[in-house]
Amino acid sequence: MIFRTSSISAPKFALVALAALFLSCMSAAATRSDLTLGMVLEPSHLDPTAGAAAAIDEIVYANIFEGLTRIGPNGETEPALAASWEISTDQRSYVFHLHKGVKFHDGTAFDAGDVKFSLDRARAADSTNAQKGLFAAIDQVEVIDPATVKVTLKYPSGDFLYNMGWGDAVIVAPESAAANKEKPVGTGPFKFRNWAKGSQIVLVGNPDYWGEKPALDKATFRFIPDPAAATAALLAGDVQAFPSFPAPEAVPQFQADPRFQVVIGTTEGETILAENNARPPFDNPKVREAIAHAIDRKAVIDGAMFGFGTPIGSFFPPHHPAYVDLTGERKYDPELARKLLAEAGFPKGFRTTLKLPPPTYARRGGEIVAAQLRAVGIEAQIIPVEWAQWLDQVFKGRDYDLTIVSHTEPNDLDIFARDDYYFNYHNPAFKALIAQIAATTDDEKRNALYRRAQQILSDDAPVAFLMQFPKLGIWDAKLQGLWKNYPIQANDLTAAKWAD
Amino acid sequence: MALLEIERLSVSIGATSILRDVDMTLDRGMVHALVGESGSGKTMTALALMQLLPHGAAMNGHIRLAGKDIATASESEMCRLRGAEIGMVFQEPMTALNPVKTIGEQVAEGIRWHTGASRAEAEEQARAMLDRVGLPPARFPLDRYPHQLSGGQRQRVVIAIACALKPRLLIADEPTTALDVILQAQILDLLKSLVAENDMGLLLISHDLAVVADMADRITILRRGEVVESGETVRVLSAPADPYTRRFTQASLHMPDRPAPKAASGTPLLSVGNLTREYPGSRIELFSRAVPTRAVDNVSFEMAEGQSIALVGRSGCGKSTLARMVLALDRPTSGEIRLDGQRIDNLPDDDALRQARQKMQIVFQDPYGSFDPRQKAETLVAEPLHLLDRKPTPVERRERVATVLERVGLSPDDMDKYPHQFSGGQRQRLAIARAIITGPKLVVADEPVSALDVSIRARILDLFADLTGKLGLAWLFITHDLNVARAMAEHVIVMDEGRIVEQGRTDDVLQNPQSEAARALVAASPDLRLILSGKLREQG
Amino acid sequence: MLSYLLKRLAIGLVTLFVASLVVFAVLEVVPGDPARLMLGMGASEDAIAALRDQMGLNQPLALRYLSWAGHMLIGDFGRSYTYGVPVRELIAERIAVSLPLAVMALLLSMAVAIPVGLFSAARRGRASDMAVMGVTQLGVAIPNFWFALLLVYVFAVTLRLVPAGGFPGWSAGPGPAFQALILPALALALPQAAILARVTRSALIETLSEDYIRTARAKGLTRSAVLYRHALRNAMIPVLTILGLQFAFLLAGTIIIENVFYLPGLGRLVFQAITQRDLIVVEGLVMLLVATIILVNLVVDLLYAAVDPRLRSPR
Amino acid sequence: MTIGQALRNPSFAAGLAITLAVAATALLSFAWTPYDASAMDIAAKLQAPSAVHWLGTDHFGRDILSMIMVGSRNSIAVALVAVGIGAGLGIPLGLAAAARGGWLDETLMRLNDLVFAFPALLSAIMITAIFGPGVFNAIVAIGIFNIPVFARVARGAALSLLRREFILAARAAGKSRSRIAVEHVLPNIANLLIVQATIQFSLGILAEAGLSYLGLGSQPPMPSWGRMLFEAQTMIGFAPHMALFPGLAIVVTVLGLNLLGDGLRDVLDPRLQEQR
């Protein structure tokens, strides 16, 4: 704990001294090897193969569990449990060579059988894996020998190695898989110690780790959903890092404070105003275009995110090599929006609803968007919903007009090609394009196709594109090795360490 | 040297003068009565002596206790005097004791406070004191709580508290007003003997001349905060010098001129046969059957038209329950009631009962509680007109109200006043007006004058007599006061523990009671005339 | 007295039973599928169906009620949908925060209110009484969460004396744990203390006008002796009533305050469980709170009897 | 008793003045506010109080004074309707329970117990979980908990009144129970109910603020005091004015109502009235 003694007047000193005495033990150590991280959401359990919550990966990914491959700090696919692999020329069979001498945290050995078990389990009929689509291409998994696995695909997949790096594809042991929700057992550099529900989860260093041991020997993830409390906890030193800080309004305060470093990175979160393309008047392209022109992305970013976030003109992350800046295509132009509305048959605008899930970006952004729509004549009634309702009503039931949400999965451009997706957007040309991308393994060719896809979405305006969600990382100035970006939602602590 | 000398005592609250130049002297072993009607300043005098006047009261003059002026004593000096030198007994035994402390604690508390005695010593003294006031420790252990005692027993506890340290001066403020006559006699006896035993001076505050005549050696009569007359009790009461005193004593002795009762004819107006009312008892244990209590037990009597009957008895003897059943406000467990030959005890709440109600009405004891404070006199008095078969028009209604108001001695202009704008006596007239507006044949009057001052009570009694003559009404007076029975009814029914123990002509029963209950009642009821003549005879 | 208490107990049990029906019925119609929430946006329909089966959500309603209520009778609150642990364990962890908080707040409010009430009643009508009552009037008007914000602003943000929120856990030692509970307890306690002080004062003043107070004064007891020996205990009856009600308010208050200070207590749990559609946790918690309130009322009834002998024995 | 006499009671006078001022502000907001309360000017966000924006601006650059003025409508409307629901249903129930007694009384009182056994806030959270947050549901949630309060007060007061002799006199005059309840009981307990209504009104304001603070009350763009506080919470470190003023608005309003209630209790006390 750090005190700015200069700000404390004399009479309060006794109290402060007392408080300092209580807490002195925490600041005494010379070089620390422990770290407390703040997280907004507490996961409901810790098994990444049985739940979609980003909060699970934010704790266990790369720390407790490892997959065949892993996704690195900049989104690159790297080897993990598989030291190397060979791909057949038809791109349909992969042979993975596994690291030897790897042990699970419960002492059982890791081998090819575990890989087969994990992949088969994930794609089984009764599997509760939230991302079964990742395994859709797999036809067969064979154990060649304890250190070699062969995976045969039904069709070539450019994303296969990348997909195997997701948290949902980590390798678990048959002995412990059933209990992973409560007591996760993986092969990673950290072991699960304990979980105080509603408060924190503690990991400790794994002395038997097969790879290079991390600098930290203890990591505590503390759950602080409230932005104000998050600010306070950082200021008080209760947490030393908040990799994804929830209160953009408080960031300038930390930027001005030399005790902290503020690292603004990127995420895979394309944040959009989704429109129900099947429901009038949003089935009318002119209405959708009008909405696209009615929105001032800068105001949304300034107002809801206090300036953090990158405006996007289509559904693609700006840090991706294939990104095209299309923000100029649908410019903020309320006059044009009104005109388009009139052309669509709504000269006086119309009334509609805007369902907002709980996160601040959605609620605040929604208020601004509603105000902007009101300015062109569209009266959008705000209906706040919980996530459970949002999933039920909006995502599954497609019972909505407008909603704001951030799509955080990496590489998820294909959602606009899905038939049953909640946008109700159907464009055969776009669908064909996505199919083509999936089957293309050459990077340059893929990127070209990606650019075309971006352009289609900008032209069709099935939804209004707002911004790429920023990663607001704030941590102690002496802390090093945390990820700047979120190519995948994870807090990989293998490289984290304290400077002296 | 006199025990207590009060000299030019004046008390005022704000601009209102409560007491003006009150003088009084009380000697050791003497009983001095302070008498007056409500608002005369009796209680204020007592509180001034104790220096327990309400917040904001200012006091002047001298109060000398055994020669020492305590009017200027400091609060801490007064604390030393109160309880030790001056004891006080209050009017309401039901509320004068702390409900959450045992009687032993409450008696011992003053002893410990003043003498610093140990708990055990103080308890020993408290036990002796309680025994002395008639609460033997064998039957009334110290750990009893007030709610486990009856009113009379509680008043004994209050007396024990007041006399625990044998104070030189005892002040008793209407100590028996809340008790029935039998308890009144017992408590007065107790006070008298305590005074004699300890050579105390007793300042007895009362509005009841009969009580005072029996108890007091000297008397001071207060009126509106001033002394009107003072002197030896018998002398003042038998030969009053001041006109107010004269009126006061006369009112106390007042007997209204009652019209001669008519000869009874044919069917009785009211006939009550074998009437019983039981209330479910409280279960002592969880699984035992509750024993019902009988408030009225197999009662039968008849009333002729135009007849006045007094129903007398100690409090709790069942007379009020009986009255409520007669008025069909409560249903009997068994037995029957007939009004004008028609059974009314089992009528459903409909037209038939409405017809019956036209013939009977009620006057209550409390002139304050018997009116809805938010309605005007006209509405209140006219309320029973609701019973008529044909509802009167507003004009007719006003006329009828005006007529009955005049009949009871009020002005038709009073119609637009609210109850709180009337005095107590006027309100009782209003209650009578309400009772007679439908032209009933029977009016039940439940203690109709016991809350009124003596002079007002005399005039209300006159009004009753007047109405009996003019309207041919039959009255059922419910009272514990034999003087009211004597004054108003030719026939008296004595009740005890739910049963009728004796009935007959009033004079016969009261002069020569046969039942034990009636004898006790008569013996305990002070009769001013008899007491004065007795005392005068004693003095020769 | 015994039969009175048994009757109250019986009424309490019936209330609890009806409450269980109400709670179950109400929560059944809450929209939102817990299984879908757990698996998130990318989940396939058959994965969700498989999870619903695992969670027992596909059984008929009546059967689920009976099994839920039956298990609760033997102290089994079921297993949390989202956390997968027994609800009882979750509650046990959270109660270790909420209970100390509520008790601290209750004690704090009593420790402030009763002396203040006594002080004010003893100085009735004087300037000091007026001033104190003015402050309490203000205290009653302050919403506890706003007060909490002010406390955070002053003590945590500006002075940095205590943490602004969060709970280090009892394992961190009593010092830091209490430190984390001080502001929330204050925020809960002071508005309640204001109410309690006013009730104490008016109950005392009411009692001071009783006849037995005059009896006690006539015994020679000083004003303050009368206040402490006679008035206080009698005035406790309305004060107890308010204390009983306040406990319920405190429980409700913890829902807001635990959210303000981010304390992992029952209040947060219930809020969180509702948003996560972890209905079994909500049901268990609501029943627990209802039972607590019924129990507290029963205790208040018992305390009445302890204070007032009239309720202890028949006449 | 005249208004002039009543105004000599300082608590009543102050309470009435504050309450009228708040009500007047709410009415004024229909006609005029310094700015459009929902107009955003994100460039002018988080300004401290100044001559331009008297109470500063919020994170969207909206004028806080205008928002507080418009928000008062919301607070008043919710509390008022909730009290209306509570009184409208609770008083007849309480009177019926007192006048009829027996099983009706027993049943109603047990239902009361049931409602009282649920912490109000918890039930409000459940109600909004089902029907979604919004003004209407906030009103229902607060209103339901007013019913037993009024029922209890009406019943208690009626029971003590029913023991008075003038009730017996009215029965002797042949009036039915329900007629007595309306003619004699209701006017006599009206004072008590009015005082209770002001108390519930102020509690309603607090409850609405609490619900809105938790995001369960009225929804944007309608400003509400509770939600303003919620939004201010994360910015308290650098924009404390956002938390200060809406909170003060709540305190002042509740204080005014409480003072009014206390004053009314004294002013309407029949014991004091009859002495006049």
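Sequence lines set the chain letters: A, B, ... in the order given, protein chains first and strands last, and positions in each chain run from 1.
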Problem set entry | Phe166(D) versus Asp372(B), closest heavy-atom pair with distance | CG-N, 3.4 Å
Seminar exercise, completed: Nearest heavy-atom contact between Gly174(D) and His386(B) is O-NE2, 3.4 Å
Exercise. Which atoms of Gln421(B) come close to chain D, meaning under 4.5 Å heavy atom to heavy atom: side chain ones, backbone ones, both, or neither?
Worked result: neither
Exercise. What is the distance from atom NZ of Lys175(D) to atom CD of Glu383(B), rounded to the nearest 0.5 Å?
Worked result: 3.5 Å
For this session: Test Leu168(D) against Arg324(B) for side-chain contact (heavy atoms from CB on, under 4.5 Å), laying out the working first.
Result: CA-CA 9 Å; Leu168(D) 270 185; Arg324(B) 287 167 62 104; 3.3 Å; yes
Exercise. Taking atom CD of Glu165(D) and atom CG of Asp446(B), what is their separation to the nearest 0.5 Å?
Worked result: 7.0 Å
Exercise. Arg179(D) versus chain B, heavy atoms under 4.5 Å apart: side chain, backbone, both or neither?
Worked result: side chain
Problem set entry | OG-CZ distance between Ser176(D) and Arg354(B), expressed to the nearest 0.5 angstrom | 12.5 Å
Problem set entry | Closest contact, heavy atoms only, Pro373(B) versus Asn188(D) | CG-OD1, 3.3 Å
Exercise. If you measure only the distance, is there a donor-acceptor pair under 3.5 Å linking the side chains of His184(D) and Arg374(B)?
Worked result: no
Exercise. Are the side chain of Gln361(B) and the backbone of Ala172(D) linked by a donor-acceptor contact shorter than 3.5 Å?
Worked result: yes
Seminar exercise, completed: Hits for side-chain contact (heavy atoms from CB on, under 4.5 Å) against Ala323(B), two or more places apart or cross-chain, chain-then-number order -> Val444(B), Ile478(B)
Seminar exercise, completed: Counting heavy-atom pairs under 4.5 Å with chain D, the top scorer among Ser370(B), Pro419(B), Pro384(B), Ala431(B) is Ser370(B)
Problem set entry | Contact class of Ile362(B) relative to chain D, heavy atoms under 4.5 angstrom | side chain
